[in-house]
Amino acid sequence: MKITDIQAVKLTMPDSVPSTSAAASSVTSPQHAAGHPATAPAAKPWRSGWAEDAEVANPMSRYPHVKRHRSMWLPKDWGAVWCKVTLEDGTWGLGSTAHGRPVAAVIDDHLAPQLIGQDIMAGEKLADMMFRLTKPYGTVGLASYAISAVDLALWDARGKVLDKPVYELLGGPQKESLPCYATGNDVDWYLELGFKAFKLACPHGPADGLDGLKKNEDFVARAREQIGDGCELMLDCWMAFDVEYTVRLAERLRPYGLKWMEECLLSEDFDANIALRQRLPWQGLATGEHWYTHLPFQWACAHRVVDILQPDLTWVGGLSTCVKIAAAADAAGITVLPHGGGGTAFGQHFTMAMGCADLAEYFIGSPPGVPLEQLRGIPGVPIAKDGVVIPSNAPGFGMEISEDWLTPFFG
Ligand SMILES: [Mg+2]
């Protein structure tokens, strides 16, 4: 079955779309603001969601004029982008990613003309072609976002042609359902929703000195007190630290039993990962959300620098790349918990199929008190109930998106 078209598109959902089957939030990164309800919710929020206003330590925190919030320095007008792949029998599939404007150009100007006419079933060939096509300008970074959207759309179309959910194409379900951990700082709300594992966004970093170190400890201590000893607690550090700061903070936080500290270092600094592993042999470490292609993950498995790998399916190169990462990690006895994996159809299908993925991240930035069912998400993507998600068994990724909600990105 030949591919007849590949195009970068925008998704615009009509206000009338019912939200009951929607994901809690398709938003899994600070590039997008917190998930907001589509219409006035029936339930009254307790307060606004943490992600709207909370300061989170980040690589730009050393510059006071943009320290307050990540939205002050992230690209404002790039938006999200989807990729639509159409086959000769009219079947079409969809994938999505971030950083729309430059990424859409890579899809339309380069990847699409090279892949149109190829066989949709030649999955490894198509993934390998995209990996090699982008070499002259770098497969990592923005090109990797474009590859991800195309690769996911190819998997969605392949599932629809074969009339199977994508997790069946990956070998079938490895588990019955996906236990999820809640990401965000509204811990009281996540407890109410039934989650049993929690990941906080660390508010302070080296720019806040000794006072920030103390405030970080108080912040983690408060969460541990809220959830008790029977729940897992993690801390996301979003590339904000160096080795020295991470070690100091980890030593202060040791009494609170963090399952892992996440992405403490700048993503390209591989030597720092080795140094951190040596200086913190007792602390669970996770990273990889800003790594691209399978190669850094293969390196991390070979050197065993972290315990948990966190590729983002919509950034790292798509599902094909994540399958390679899962094989390397599984062989090394390392866990793969995709970034934002519980809140997207893509992450849900990967996690359902893979033995090395035993927990799914569920980002929640919406206002506490508003049930997840009342939030607008992608129709057809199941939401977490009592901290557990069961992926859709509809063909492809199971997203219920109407074709007339899609328009060319560069219209
Ligand atoms: Mg993270």
Side-chain angles (χ1 to χ4, degrees), residues 24-35 49-51 54-61 69-71 73-74 97-99 141 144-145 148 180-187 190 195 197-205 216 219-220 223 232-242 245-246 249-250 253 258-269 272-273 276 283-292 296-297 300 305-316 322 325 329 334-344 346-347 350-351 357 359-365:
S25 171
S26 59
V27 178
T28 53
S29 82
Q31 275 94 329
H32 311 144
W50 71 280
E55 182 168 339
V56 174
N58 69 73
M60 286 290 284
S61 296
H69 201 269
R70 285 176 287 185
S71 62
W73 59 267
L74 284 161
T97 190
H99 302 309
S144 183
Y145 289 79
S148 302
C180 297
Y181 70 87
T183 289
N185 293 351
D186 291 315
V187 173
Y190 314 146
F195 285 90
F198 308 85
K199 186 171 78 190
L200 306 169
C202 191
H204 304 290
N216 278 343
F219 173 72
V220 170
E232 294 286 12
L233 185 62
M234 291 78 80
L235 187 67
D236 189 352
C237 308
W238 218 72
M239 308 173 279
F241 305 163
D242 55 20
Y245 188 90
T246 308
L249 181 60
L253 297 181
L258 293 176
K259 180 171 166 64
W260 73 71
M261 287 178 71
E262 173 172 326
E263 214 185 14
C264 302
L265 306 167
L266 294 172
S267 29
E268 295 85 356
D269 193 348
N273 279 282
L276 187 60
Q283 174 64 63
L285 295 172
T287 200
E289 116 187 22
H290 293 95
W291 278 350
Y292 308 98
F297 296 91
V305 293
V306 294
D307 307 283
I308 292 129
L309 295 170
Q310 302 172 303
D312 187 309
L313 280 108
T314 63
W315 304 352
V316 75
C322 279
I325 293 166
I334 291 172
T335 303
V336 181
L337 308 181
H339 174 238
T344 70
F346 315 121
F350 171 89
T351 307
L359 195 60
E361 176 174 23
Y362 212 87
F363 178 91
I364 305 176

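Hydrogens, waters and symmetry mates play no part in the numbers below; they use all other heavy atoms, side chains included. As the structure is a computational prediction, the values presented were derived from the model and not from experiment. As the structure lists them, so they are numbered: ligands from 1, and atoms in each ligand from 1.
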Checklist entry - Hey, does the side chain of Asn58 reach the backbone of Trp238 with a donor-acceptor pair shorter than 3.5 angstrom? => result no

Next on the checklist: Report the atom name of the nearest N/O/S atom of Glu289 relative to the Mg ion (ligand 1).
Outcome noted: OE1

Next on the checklist: Under 2.8 Å from the Mg ion (ligand 1), can any N, O or S atom of Glu263 be found?
Outcome noted: no

Next on the checklist: What verdict does the side-chain contact (heavy atoms from CB on, under 4.5 Å) test give for Trp260 and Asp307, after you've listed the backbone C-alpha separation in whole Å, the side-chain angles of each residue and the deciding distance to 0.1 Å?
Outcome noted: CA-CA 8 Å; Trp260 73 71; Asp307 307 283; over 6 Å; no

Checklist outcome for this item: Angle subtended at the Mg ion (ligand 1) by Asp236 OD2 and Glu262 OE2, to the nearest 10 degrees, is 90°

Next on the checklist: Among Asp312, Thr344, Asp236, exactly one meets side chain to side chain donor-acceptor pair (under 3.5 Å) together with His339. Which residue is that?
Outcome noted: Asp312

Next on the checklist: Suppose we call two aromatic rings close when their centres sit under 6.0 Å apart. Are Tyr181 and Tyr190 close by that rule?
Outcome noted: no

